[in-house]
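Residue numbers begin at 1 in each chain, while the letters A, B, ... track the order of the sequences.
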Amino acid sequence: MSSSNAADDAVLANLLADLNPNQRLAVTSPANGRLQIIAGPGTGKTKVLTSRVAYLMLKEKIPAHHIIVTTFTKKAANELTERLETLLKDTAIDVSKILAGTFHSICYRVLMIYGKKLGIENYNIADDRDSDHILKEVLSNLGGSDVDFLAGLPDEDTIQFKANQGTEKKYYGYDTKKIKRQISKLKSSGIKYDTYENMAIHNKCLSFFYKRYQTKLQQSCLLDFDDCLLYCNVLVSTYPVMNFVEHVLVDEFQDTNEIQLQLMYQFARGHPTNKQMQDNVTIVGDPDQSIYAFRDAQAINFEKMSEHYARRYPTPCNIVSLTDNYRSTTDILVFSETVMRQQQKRILKSLKSQIDTTFKPVYYNLTSPEEEAKWICYQIEHLMALPNSPFRFTDMSVLVRAAYQTRAIENEFVRRRIPYFMIRGKAFWDRKEVVAILDYMRIIAHDNDRVAFLRTINYPKRGLGEKTIASIEALLERETISGRESVYKTLQQIVDNEFKEVKLTSKTRQTLTSFLKMISEARVKLNELNIYLKNDSIDQDRKASDVADLFKFIYSRSGLEHEFANDPNQDLNVKEVEKQLCEYKYKEEELPLFHGGQESDVAEDSRNYLARFIHSVGFYETEEEDRSHSEENGNKKYRGKVALSTIHGSKGLEWPVVFVPGLSEGLLPARFAVNNGGPEAVDEERRCFYVATTRAKTLLYMSSYTSLGSGGWNVIENVSRFLERIRGTEHITDFQDAFKSWDSLRKLYEVVNKEVPTKESFPLQHFNKLYEGRLTPFIKGESFSINEESFRKSVNDNVMSGIGFTSAAMELNKKRRPIGLGANIKKQLKPSMAPQMKPFRPLITTPVGQRAPPYRPPSLKSNRAPVSITPAISSSNTNRAPAYIPDRKSSSQRRPNLGNRAPSTHQK
DNA sequence: TGGAGAGGAAGCTTT
DNA sequence: TTCCTCTCCA
């Protein structure tokens, strides 16, 4: 046996020893076969998946580059490879060769290399804004006969695509979102427009728009997100370009849609002759956590997969269920399962908690989102007030159904200075300033990015009028169809007066000339960067400086620097893009040559530095603030931040303490699901709830509110149906049981591995009395404080002396600035708020008899919601962490105000 | 061309 | 309530 084999065996043995019997069964299932791993929450899914991949390489000797692993997000793919790298560091396996990524990124890679077989060459990705733009163009440019055609269609064909009201004038009353949704649905089912057109039953209106939209995308050399999957599927089912693949693993299988299922089959088809290397698939998922039906995910794929392979093989899919839960306590699991059992037609699950101690979930009903937010703060502050800090802020999260629900909570967190951050990585790449600089990078990287050209041509404002822009737009569309002429060149011709349709004033001509000059000069710089794509040995510092030079040129000459100069946050965010660009390392995105393939089949990657960078962020490489290291850096004072997230965003994560507010009819289940969705939509809402509650490890807090809303708005009448049969049962409690006795408190400390305080040092009974007694007055607006000082007032001084009493307030006061409120929080607050915020007082309470300082939710231009997503946490104390402050648009889209009003600024 | 003001709609999850 | 869109006017 060679030494490398011995090392492999040792690694494998270690790895298997670390698994429970069911996990081991799954991991060691034969490579040649079909395996479904049903992994409930907290059952070690990621561990099993990584171990499985390692097993396939170590034991079954499948080369890394013959394995595909699809994950739900890019982040998950990165985590997987990182874990594997650690796991396999002592072996000769090159983990980076594994084809790991989202379906979208893998498909785009395949199309880039083999797309020319379908005539797809040098295509770019159309992000949502691009595809919106294209569809709007389609609707704006309808000819007379088109309008007549549409007008002649029966109502039943058009009604579902019409805007509700009001927008009659625009787009002939059509709602582009509704059209896009349905087109996306067709694409997700693998239906191309020409197929749809010829289907016996089809909607003529949809068919019309689908064809127009697709034609336009093609003419613009663009693929939307769905196209990446759709055309890749066409490609791989027509040409055997992926026949080198020996095993396909799919994570989060419950969230795959039809086209992804088809892609899985195609990828797994495998070797042309060797049967051992065909149809080898491992999927991991949990039907109970399927919460992406709106993206056409279908949990039925589990059954479809079984049936598909049953037709081809005598032996059925091997199914292994993981039932040992290492995350949550029994009460949390029992509660979650009880909720899920309300769903008809579901395979019962019995997860077994591996944790001995358990505390009942806490539930409370309130009368407004603001009260609910206060209730959450109240609970957090009591947890933080326990001696010896069993919990840190970073151990807690608040999970909401809809992003806008975070508003009331954020407001209260700001007021009570509870540090928090939002989990929503995508937001950064959505910010106005980030999008703007990326658009400039796009027009420099590509000659032909019409949509980006149109967005940059008058942003920042250069004094071009609406009519001028419209005439340029029309001309560009005509001249650049199917890449006949480049956008850049056409613009040049417009400036040179070669088209009668566009008349420019001398001032406009001058403006456009310098716009084009900026592009051509930037391109000269860009070309010089291309040497850095191939040659690794080049001086990294020089590379960074050259890249930064190009970036600065673009930022300054585009006028964006001037545009964002007044807002330090915007400027900081742009600088973050610069940092990312400078640090960007090009990773070869090659695929192994397929059996029977020639080198000439493979397209060479001719993209320039900027283009590659832009594609790398195209599928949203999300950088999320790292919560795990908050106690490191030798600084125990910093206790991180409470995580605020949508339930969807929390998937795969866990916290010792989880809050799930908004358990009301209309919120969870969401109103749209109840009104238009039918029982299946409600089931999906219930699964959302399930995902949320099963994020909790030790303590679970849930709340609801019923409220008459304001002005008839957003009336919430009832507590969520999901709680109907659970309220008032022994499954839940209204106050935290862990505080009730010394015995339970001791268990709480033990479960989080902290030293139990002595009875003498902590007046538990008193604490408990205050905890129960002060809640109502606090929620109704009375002052409240929980700290050493207030305790002293009410109990014997001796008791309190010398103990490690802590509190949220004290914790915060150790730092002289608000943590996590966004670096520029003070700027965001109205002037009237500033004096309240500046001096850090020992109490995080409002003075008795006075209402909390008026915090008005930010309305952008000047003020922002303190969403702090800070990838660059300041490690030095000299600089503030650059805060990504989202722009108005993304924030407002995500957080419309629906009854979650800011606390009133007026006294009643 | 672009800012101010009026009027009306509104809600969700994301590659 | 908030925000977007449209219209009007400087």
For the pair made of CD1 in A:Ile291 and P in B:dT14, what is the distance, rounded to whole Å? 9 Å
For A:Ile469 and B:dG2, give me the distance from atom CD1 to atom C1', rounded to whole Å. 12 Å
Using atom C1' in both nucleotides, what's the gap between B:dT13 and C:dC4 to the nearest angstrom? 22 Å
A:Phe225 has a side chain; which of B:dG11, B:dT15, B:dT14 sits nearest to it? B:dT15
Quick one: A:Arg695 CZ to B:dT13 P, roughly how many Å, whole number? 18 Å
Whole angstrom is fine here: how far is it from CZ in A:Arg181 over to C1' in B:dT15? 12 Å
Aromatic ring centroids of A:Phe294 and A:Tyr292 under 6.0 Å? yes
Among B:dG2, B:dT15, B:dT13, the nucleotide that comes nearest once only the side chain of A:Asn458 is considered: B:dG2
A:Asn233 CG to B:dT15 P: how many Å, rounded? 21 Å
Hey, what do you get for CD1 (A:Ile183) to OH (A:Tyr210), rounding to the nearest 0.5 Å? 7.5 Å
Specify the residue among A:Phe294 and A:Thr468 whose closest nucleotide of DNA chain B lies further upstream toward the 5′ end. A:Thr468
What is the distance from CG of A:Asn411 to P of C:dT1, rounded to the nearest Å? 15 Å
Whole-Å gap separating P (B:dT14) and NZ (A:Lys177): 15 Å
Using centres under 5.5 Å plus planes under 30 degrees as the test, is A:Phe72 stacked with B:dT15? no
Can you tell which of B:dT15, B:dG11, B:dT14 lies closest to the side chain of A:His648? B:dT14
Need one value for A:Phe103: base, sugar-phosphate or nothing, where a base atom within 4.0 Å counts as base even if backbone is also close, heavy atoms only. nothing
With ring centroids as reference points, do A:Tyr174 and A:Phe161 lie under 6.0 angstrom apart? no
Is it true that A:Tyr213 and A:Tyr193 have ring centroids separated by less than 6.0 Å? no
Return the value, rounded to whole Å, for the distance between atom CZ of A:Arg407 and atom P of B:dA10. 18 Å
Short question: side chain of A:Thr456, backbone of A:Ala452 - any donor-acceptor pair under 3.5 Å? yes
